[in-house]
Amino acid sequence: AQSVTQLGSHVSVSEGALVLLRCNYSSSVPPYLFWYVQYPNQGLQLLLKYTTGATLVKGINGFEAEFKKSETSFHLTKPSAHMSDAAEYFCAVSSNRDDKIIFGKGTRLHILP
Amino acid sequence: DGGITQSPKYLFRKEGQNVTLSCEQNLNHDAMYWYRQDPGQGLRLIYYSQIVNDFQKGDIAEGYSVSREKKESFPLTVTSAQKNPTAFYLCASRTGSNTGELFFGEGSRLTVL
């Protein structure tokens with residue numbers, strides 16, 4: 001069965017500092033990996049995804065993530081945090097085995113002025 | 001504009017009552033999903049449907065029912081058998097490809113009084 005673990009339910013960074021949100025997955029088949037962002041009382045919006053090919057994936061709003069198969073990780077980064085980045089971030093995994101998409105428990109990102 | 005519409009946005013119900021949440025999409029997507037979101041729990045999959053007139057249980061299907069009579073519609077019924085129904089419910093859809101990302105509605109917040 002597939003699973004996702006997000007380390008840290010809350011992460012705080014200063015404005016302008018590096019953002020690093022961690023995601024590790026478990027999958028017995030090649031995974032498809034996603035990062036979503038959620039603002040309060042709204043649905044989720046895709047930031048980026050990895051399916052095949054280049055392991056460094058660039059997304060919207062300056063975010064990127066690197067698929068590391070040996071570490072079963074897909075950490076999300078952004079070089080310089082902005083106040084508007086404050087939100088909850090979810091990592092998700094699926095595969096070509098079925099249509100289930102499994103989410104992690106989320107990480108709430110706080111930006112300190 | 002293309003997208004997913006969930007209604008109602010807020011819903012209150014008394015214990016013992018069934019309630020149906022609406023989800024409509026005009027994206028021509030084959031697959032549709034229902035997730036439940038609780039604080040600190042991430043998104044948990046209730047039901048999903050890959051094609052009209054077919055659907056599969058997710059990880060927390062007990063106390064819920066769905067139908068998929070039309071491609072664009074995937075209503076969720078929260079029955080009286082669901083012991084703790086107060087939550088934020090999210091509907092999503094995607095293309096038939098397993099590499100496709102989910103598109104989410106704005107969510108429905110159900111409160112049981």
### Task
Name the region of A:L46, side chain, backbone, both or neither, that has any atom closer than 4.5 Å to a heavy atom of chain B.
side chain
Under a 4.5 Å side-chain heavy-atom rule over Ile, Leu, Val, Met, Phe, Trp and Tyr, are [X] and [Y] clustered together?
| X | Y | value |
| --- | --- | --- |
| A:I111 | A:I60 | yes |
| A:L47 | A:F67 | yes |
| B:V19 | B:F88 | no |
| B:L43 | B:L45 | yes |
| A:F90 | A:F34 | yes |

### Task
Please look at B:L102 and chain A and tell me whether the side chain, the backbone, both or neither of the residue comes under 4.5 angstrom of a heavy atom of that chain.
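Both parts, backbone and side chain.
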### Task
Tell me, for B:L90 versus chain A, whether the close heavy atoms (under 4.5 Å) come from the side chain, the backbone, both or neither.
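Side chain of B:L90 only, per the 4.5 Å heavy-atom cut-off to chain A.
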### Task
Determine the option with the most heavy-atom pairs under 4.5 angstrom with chain B, choosing from A:V4, A:L44, A:I102.
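Top count of heavy-atom pairs under 4.5 Å with chain B: A:L44.
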Between chain B and chain A, which N or O donor and acceptor atoms come closer than 3.5 Å?
residue : atom : partner : partner atom : Å
B:Y33   : OH   : A:D99   : O            : 2.7
B:Y35   : OH   : A:I101  : O            : 2.8
B:Q37   : OE1  : A:Q38   : NE2          : 3.0
B:Q37   : NE2  : A:Q38   : OE1          : 2.8
B:Q50   : NE2  : A:D99   : OD2          : 3.2
B:D59   : OD1  : A:K100  : NZ           : 3.1
B:R94   : NH2  : A:D99   : OD1          : 3.1
B:N98   : ND2  : A:S95   : O            : 2.8
B:N98   : ND2  : A:D98   : O            : 2.8
B:T99   : O    : A:K49   : NZ           : 3.0
B:E101  : OE1  : A:K49   : NZ           : 2.9
B:L102  : N    : A:Y36   : OH           : 2.8
B:R109  : NH2  : A:N41   : OD1          : 3.2

### Message
So for atom CD1, which belongs to B:I51, do other residues, nucleotides or ligands contribute more than 12 heavy atoms lying within a distance under 6.0 Å?
### Response
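At most 12 heavy atoms, drawn from other residues, nucleotides or ligands, come within 6.0 Å of this atom.
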